[in-house]
There are 2 protein chains.
Amino acid sequence: MSETVITAKADSPYVEITREFDAPAELVFRAYTEPDLVAQWLGPRRLTMKVDRWDATHSGGYRYLHVDPNGNQYGFRGVFHGTPSVADGITQTFEFEGMPGDIALERVRFTEVDGRTTVHAVSVGFSIEARDQHIANGMEQGARESYDRLAELLATL
Amino acid sequence: MSETVITAKADSPYVEITREFDAPAELVFRAYTEPDLVAQWLGPRRLTMKVDRWDATHSGGYRYLHVDPNGNQYGFRGVFHGTPSVADGITQTFEFEGMPGDIALERVRFTEVDGRTTVHAVSVGFSIEARDQHIANGMEQGARESYDRLAELLATL
């Protein structure tokens, strides 16, 4: 299985994540933009994802809940800037409702070579401190687990 | 007249702008969110602003054109994340249509003391290079002129 590479430099507010998948870009893009598919891979395995709102167009928004085994719910929301496409990727804002006002801008791009697709994701917020807080909250482990789940899902499509 | 202070550190992708206005926060907020008022101050004096779309609510979008004396039009667009308010400020994406895909996240906050309001604006994009390109394109001069015009407008309201 491919490795998820996460880069978060100490003197920069960016988090960059790359991961290669054994699937064409069109399929990876569908898994990112169709809510029924997103709900099958985004987040740690122990959480269930419920999509509350999903409109993947320019000035459309999304909101979803992650639900843990005890029934606790964690809400996330954002808006899409530009209509997502395989060629241009996806640009969206991101906010964990448990930390309101801490908003990030995320961009995901898809590069296909010989039927395999590299996902390159970048996230930036308003401070290095906010970025480090997300890392302290387990963002890296959540991303690795999400991408492993995405690889498994793509193998079934 | 107050000074517009613009900070853009070489090793950081942020642009920060602060400016104090002799007006209460509620009034400055109106000038930022009501399109008829925005069109009277946003941008350099030599350009006319035409608002094409303006929906200052969460997942609402905006688009406007700056028109120069020769009739050339420059389009800008973005999406609001969170519904703007005096207390929380404004968070929005920003894209100059002449540089498509170069998207920034902007936050404006309003702090009122003794009837005077300090505006604190922060902008961040996906690279220091993109930020420096905006500066090379005259962003600083445009910001200073915009804020002088805003001060003049506020004095009439």
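Convention: sequence-line order gives letters A, B, ...; per-chain numbering from 1. Just so we're clear, the structure is a prediction, and the values are computed from it rather than from any experiment.
For residues 144-157 of chain A, every residue pair satisfying the side chain to side chain donor-acceptor pair (under 3.5 Å) rule, not counting sequence neighbours, is listed here: A:R19-A:D148, A:Y32-A:Y147, A:R45-A:E152, A:Q141-A:E145.
Remark: A:N70 CG is packed, more than 12 non-hydrogen atoms of other residues, nucleotides or ligands lying under 6.0 Å away. The environment of CZ in B:R109 is sparse: at most 12 heavy-atom neighbours from other residues, nucleotides or ligands sit within 6.0 Å.
Only the side chain of A:R53 comes within less than 4.5 Å of a heavy atom of chain B; its backbone N, CA, C and O stay farther away. Contacts between A:E106 and chain B at a heavy-atom distance below 4.5 Å involve the backbone alone (N, CA, C, O).
Contacts of residues 84-99 of chain B with chain A at a heavy-atom distance below 4.5 Å involve B:T91, B:T93, B:F94, B:E95, listed in sequence order. Contacts between residues 123-136 of chain A and chain B, defined by a heavy-atom separation under 4.5 Å, are made by A:V124, A:G125, A:F126, A:S127, A:I128. Proximity to chain A at a heavy-atom threshold of 4.5 Å picks out B:R77, B:G78, B:V79, B:F80, B:H81 from residues 74-81 of chain B, in numerical order.
Hydrophobic clustering keeps A:V119 apart from A:V122 (ILVMFWY residues linked when any side-chain heavy atoms are closer than 4.5 Å, directly or through intermediates). Residues A:L105 and A:M139 fall into different hydrophobic clusters, defined by Ile, Leu, Val, Met, Phe, Trp and Tyr side chains chained together at heavy-atom separations under 4.5 Å. Note on B:L27 and B:L153: same hydrophobic cluster, where clusters join Ile, Leu, Val, Met, Phe, Trp and Tyr whose side-chain heavy atoms are under 4.5 Å apart, directly or indirectly. In terms of hydrophobic clustering, with Ile, Leu, Val, Met, Phe, Trp and Tyr side chains grouped at heavy-atom distances under 4.5 Å, B:V5 and B:V15 are assigned to different clusters. Grouping the Ile, Leu, Val, Met, Phe, Trp and Tyr side chains by contacts below 4.5 angstrom, directly or via other members, places A:V51 apart from A:L47.
In this structure, the side chains of A:D11 and B:D11 stay at 4.5 Å or more apart for every pair of heavy atoms.
Between chain A and the options B:G60, B:G101, B:P13, heavy-atom pairs under 4.5 Å are most frequent for B:P13.
Among all heavy-atom pairs drawn from A:G61 and B:S59, the shortest one is N-OG, 3.4 Å.
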